[in-house]
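When a residue number appears, it is its place in the shown sequence, counting from 1. The basis for the numbers below is simple: all heavy atoms, side chains too, and nothing from hydrogens, waters or symmetry mates.
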Amino acid sequence: GAARGGAVAAYEAIDERLSKAMTYASLLHSAKVTDPEVGRFFQTTREKANDIASHLIFFTLELNLISDDDIAEKLKAPELARYGAWIRDGRVYRPHQLSEELEHILHDKSVTGRGAWNRLFDETLARLQFPFRGKMLTESDILHRLSDRDARVRKDAALGFGSVLKANAPTFALITNTIAKDKEIEDRWRKYPRPQSSRNLGNYVEDEVVDALVAAVKGAYPQLSHRYYKLKAKWFGVKQLNYWDRNAPLPEARERTISWNEAEATVLGAYGAFSPFMAEVGKKFFDGRWIDAEARPGKDSGAFSHPCVPSAHPYILMNYQGKTLDVMTLAQIGRAHV
């Protein structure tokens, strides 16, 4: 047990260094998706990290080959017991792991497989320009106009956005279908019962629990989503809400641009009302400039929080444009870490 605890500690140190390097490369790429030099650095880092990690595949495979009784006995040693949760979570994949040779092949091909297709999607979307009243806008800018108070602005933005996506539909369809088939092949070899089973295992939740959640949400559509949109259509004086009005501000709502400082005060105030400790942790993100909030060309148009590694603080990426929805997004993605 003690010897295996030392081995896991060594594995942990290597894995953390690799993850830290890949986190940096990935976040830099998200901030500058269309920059060719950043793209080259991201790809090179991923290939090198993938090559190093390929020499470690045997470790978790062999750890999972140890019988339940044997691993339970070895976990009595404090050196290994501290990794008990990690070992437990890794062993749920035992029925789905393949031979070491096949695992190596799948690992090596991941760089040119789904990873490459994901990168193609991100870079293609980041480079797109959308027509709006004689100007060409980025995805973030055009989506920002879908929450404008003026219905004509929303409609023009929606039509411009849709026209460009339609022109690129064949590329996006190819990417989606290829990734789906790639997953189907691997899931079949690993004998996952459903497409979502691997994700559910990664989230440490049973398929049946997720099924119950999905059924409850779908069952509430009429009482929540459908009812809301019918009510919103009534407020706008129409029988059916136009699709470009889904994010429109309510007729009685005040429209103003919320400054970054006000957004910070609002979010931290809400956290503090619930828990002073949450506000204290959240303040570190603002003071430490751990949030990339500027909306700019070539940047990932989404919003996410990245946990990085235990030895480094997390990061948040979003595109802040001063809307109420932006403040809500800031609070929501920050909640994952506070």
- Backbone N or O of Asn319 within a donor-acceptor pair of the Asp300 side chain at under 3.5 Å? no

- Query: Using 30° and 60° as the class limits, which term best fits the ring planes of Trp290 and His313: parallel, tilted or perpendicular?
  - Reply: parallel

- Please walk me through it: do Gln43 and His29 pass side chain to side chain donor-acceptor pair (under 3.5 Å)? CA-CA 10 Å; Gln43 181 68 16; His29 183 249; over 6 Å; no

- Which pair of heavy atoms, one from Val111 and one from Arg46, lies closest together, and at what distance? O-NH2, 4.3 Å

- Message: So, taking the atom named CG in Asp122 and the one named CH2 in Trp117, what distance separates them when rounded to the nearest 0.5 Å?
- Response: 13.5 Å

- Quick check: are there more than 12 heavy atoms from other residues, nucleotides or ligands sitting under 6.0 Å from CZ of Arg227? no

- Can you tell me if CZ on Arg289 sees more than 12 non-hydrogen neighbours from other groups inside 6.0 Å? no

- Item | Side chain proximity check, Asn200 to Arg194, heavy atoms < 4.5 angstrom | no

- Query: Do Leu201 and His96 come close enough that some side-chain heavy atom pair is under 4.5 Å?
  - Reply: yes

- Query: Just wondering, more than 12 heavy atoms not from Arg17 lying within 6.0 Å of its CZ?
  - Reply: no

- Item | Whether Glu100 side chain and Glu62 backbone form a donor-acceptor pair below 3.5 Å | no

- Message: Strictly distance-based, threshold 3.5 Å: is any side-chain N or O of Arg154 a donor or acceptor partner for the main-chain N or O of Arg149?
- Response: yes

- Can a salt bridge be assigned to the pair Lys183 and Glu186 using a cut-off of 4.0 Å between side-chain N and carboxylate O? no

- Query: Do we get Arg145 above Phe132's six-membered ring, with its NZ or CZ under 6.0 Å from the centre and within 45° of the axis?
  - Reply: yes

- Task: Kindly say whether Gly202 contributes a backbone atom to a donor-acceptor pair with the side chain of Tyr93 at under 3.5 angstrom?
- Result: yes

- Task: Kindly check if the number of other-residue, nucleotide or ligand heavy atoms within 6.0 Å of NZ (Lys155) is above 12?
- Result: no

- Message: For a side chain to side chain contact (heavy atoms under 4.5 Å, CB included) check, start with the C-alpha distance between Glu139 and Leu128, then their side-chain angles and the critical distance, and finish with the verdict.
- Response: CA-CA 7 Å; Glu139 184 191 11; Leu128 293 183; over 6 Å; no

- Task: Would you please say whether a donor-acceptor pair under 3.5 Å links the side chains of Asn168 and Thr171?
- Result: no

- Query: Would one find more than 12 heavy atoms of other residues, nucleotides or ligands at under 6.0 Å from atom CE of Met136?
  - Reply: yes

- Heavy-atom check, side chain of Asp108 versus side chain of Ser54, under 4.5 Å: yes

- Item | Presence of salt bridge, Lys283 and Glu280, under 4.0 angstrom | no

- Looking only at non-hydrogen atoms, find the nearest pair between Thr329 and Ala303 and report the distance. CG2-CB, 3.8 Å

- Query: For Gln223, does the CD atom have more than 12 heavy-atom neighbours from other residues, nucleotides or ligands under 6.0 Å away?
  - Reply: yes

- Message: Quick test of your reading: applying ring-ring contact (aromatic ring centres under 6.0 Å, His included), list the pairs with at least one residue in residues 227-259, sequence neighbours left out, ordered by first then second residue.
- Response: none

- For Asp89, the side chain to side chain donor-acceptor pair (under 3.5 Å) test, sequence neighbours excluded, returns none

- Message: What I'd like to find out is whether the side chain of Leu56 reaches to under 4.5 Å of the side chain of His107, using heavy atoms alone.
- Response: no

- Message: Measuring from atom NZ of Lys323 to atom CG of Leu143, what distance do you get when rounded to the nearest 0.5 angstrom?
- Response: 12.5 Å

- Item | Joint hydrophobic cluster, Ile14 plus Met22, side-chain heavy atoms closer than 4.5 Å | no

- Item | Interatomic distance, His144 atom NE2 to Ser301 atom OG [nearest 0.5 angstrom] | 14.5 Å

- Message: Between Leu63 and Tyr83, is there a side-chain heavy-atom distance shorter than 4.5 Å?
- Response: no

- Item | Crowding at OH, Tyr24 (>12 non-hydrogen neighbours, <6.0 Å) | no

- Message: Measuring only between side-chain heavy atoms, which start at C-beta, is Lys232 closer than 4.5 Å to Leu250?
- Response: yes

- Task: Please indicate whether Trp86 has more than 12 foreign heavy atoms, meaning atoms of other residues, nucleotides or ligands, lying under 6.0 Å from its CH2.
- Result: yes

- Roughly how far, to the nearest 0.5 Å, is CG of Leu120 from CD1 of Ile179? 9.0 Å

- Query: Do the non-hydrogen side-chain atoms of Ser147 and Leu325 ever get within less than 4.5 Å of each other?
  - Reply: no

- Task: Would you name the heavy atoms of Thr23 and Cys308 that are closest together and state the gap between them?
- Result: CG2-SG, 3.5 Å

- Just say parallel, tilted or perpendicular for the rings of Tyr11 and Phe59, cut-offs at 30° and 60°. parallel

- Query: What heavy-atom pair brings Arg94 and Asp68 nearest, and what distance separates the two atoms?
  - Reply: NH1-OD1, 2.7 Å

- Can you tell me how far NE2 of His306 sits from OG of Ser30, rounded to the nearest 0.5 angstrom? 8.0 Å

- Message: Can you give me the closest heavy-atom contact between Ser259 and Tyr320, atom names plus distance?
- Response: O-OH, 3.4 Å

- Task: Measure the spacing between CG of Asn247 and CG of Asp148 and express it to the nearest 0.5 Å.
- Result: 12.0 Å

- Intermediate values then yes/no, side chain to side chain contact (heavy atoms under 4.5 Å, CB included), Arg190 and Leu106: CA-CA 11 Å; Arg190 293 191 182 281; Leu106 291 174; 3.6 Å; yes

- Query: Can you name the nearest heavy-atom pair linking Ala293 to Lys299, along with the distance?
  - Reply: C-NZ, 3.6 Å

- Query: So do the side chains of Leu80 and Val8 get within less than 4.5 Å of each other, counting heavy atoms only?
  - Reply: yes

